[in-house]
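Single-structure report; data block below.
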Amino acid sequence: MKRISMILVAVVTLTLLIGAYSQTRQSGNQSTQTSNDQPTKEQMAKAKAKKVLVKRLPDSLEGVELKDGIFRAKPGFEFVTQPDGTVAAARNNGGGGNIAGSFDCSCSADVPKGKCKVTTLGSAVYCSKTEVDPCNGVCSLEVTISSRNTHLAIY
């Protein structure tokens, strides 16, 4: 009788521990998902250009706005990472979207050495130095529209 009650207590305890662990993991995943949807102010500070090089965006660049030094996708558009590492501004109408412009980054210095990468954060696009072989100068964001490059900002 004692043996059965000890086994029963062990099973109940184990069941409660598994249930508590399962709920902890689910709530942890939900908070992580929420933080990815809404970038924090600290994260958005990275997306702000140190120096904007244009007074206004090219007329042929649809779906992108420049506000407070941050390049953002307008409603109806999104930034899509391309296989070559560039980021395209495209309509998000669900039909495969037309490309409005392609963003890339380059390293600028007296003797450029290292690399920059184009990064998206929520609805923003910006440049950052790569972790491996980082740029020894500043990163420059440029957009290509119909084979024409325009330097937009320095990060």
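- Between Leu53 and Leu152 the shortest side-chain heavy-atom distance does not fall below 4.5 Å.
- Judged purely by atom type and a 3.5 angstrom limit, Lys129 uses its side chain to pair as donor or acceptor with the backbone of Gly137.
- Put simply, OG on Ser123 and CD1 on Ile70 are 8.5 Å apart, with the number rounded to the nearest 0.5 Å.
- Checked against the 2.5 Å cut-off, the SG-SG distance between Cys127 and Cys116 does not fall under it.
- Minimum heavy-atom separation, Leu57 to Leu66: CD1-N, 3.8 Å.
- A salt bridge does not link Lys74 to Glu62: none of the charged nitrogens lies less than 4.0 Å from a carboxylate oxygen.
- Aromatic pair Tyr126/Phe71: centroids not less than 6.0 angstrom apart.
- Minimum interatomic distance between Val118 and Phe103 (heavy atoms only, all atoms of both residues): CG1-O, 3.9 Å.
- One side chain, Ser128 or Thr119, offers a donor N or O that lies under 3.5 Å from an acceptor on the other.
- Residues Thr144 and Asn149 bring a donor and an acceptor atom of their side chains to less than 3.5 Å of each other.
- Transitive grouping of hydrophobic side chains (ILVMFWY, heavy atoms separated by less than 4.5 Å) keeps Val80 and Leu141 in distinct clusters.
- Between the Thr130 side chain and the Lys115 main chain, a donor and an acceptor come within less than 3.5 Å of each other.
- Rounding to the nearest 0.5 Å places NZ of Lys48 at 11.0 Å from OH of Tyr155.
- Considering only heavy atoms from C-beta on, Lys46 stays 4.5 Å or farther from Leu121 through its side chain.
- Val64 and Phe77 are assigned to two separate hydrophobic clusters, defined by single-linkage of ILVMFWY side chains at heavy-atom distances under 4.5 Å.
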- Task: Check step by step if side-chain contact (heavy atoms from CB on, under 4.5 Å) holds for Ser106 and Glu142.
- Result: CA-CA 8 Å; Ser106 59; Glu142 57 191 55; 3.6 Å; yes

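- Of all heavy-atom pairs between Cys107 and Pro112, the closest is O-CB, 3.7 Å.
- In this structure, Asp104 contributes its side chain and Thr86 its backbone to no donor-acceptor pair below 3.5 Å.
- Remark: side-chain polar atoms of Asn136 are paired, donor with acceptor, to backbone N or O of Val111 under 3.5 angstrom.
- The heavy-atom pair separating Val52 from Gly69 by the smallest distance is CG2-CA, 4.1 Å.
- Dense packing is recorded around CG of Asp84, with more than 12 heavy atoms of other residues, nucleotides or ligands lying under 6.0 Å away.
- Residues Pro58 and Thr150 approach most closely at CG-OG1, 4.2 Å, considering heavy atoms.
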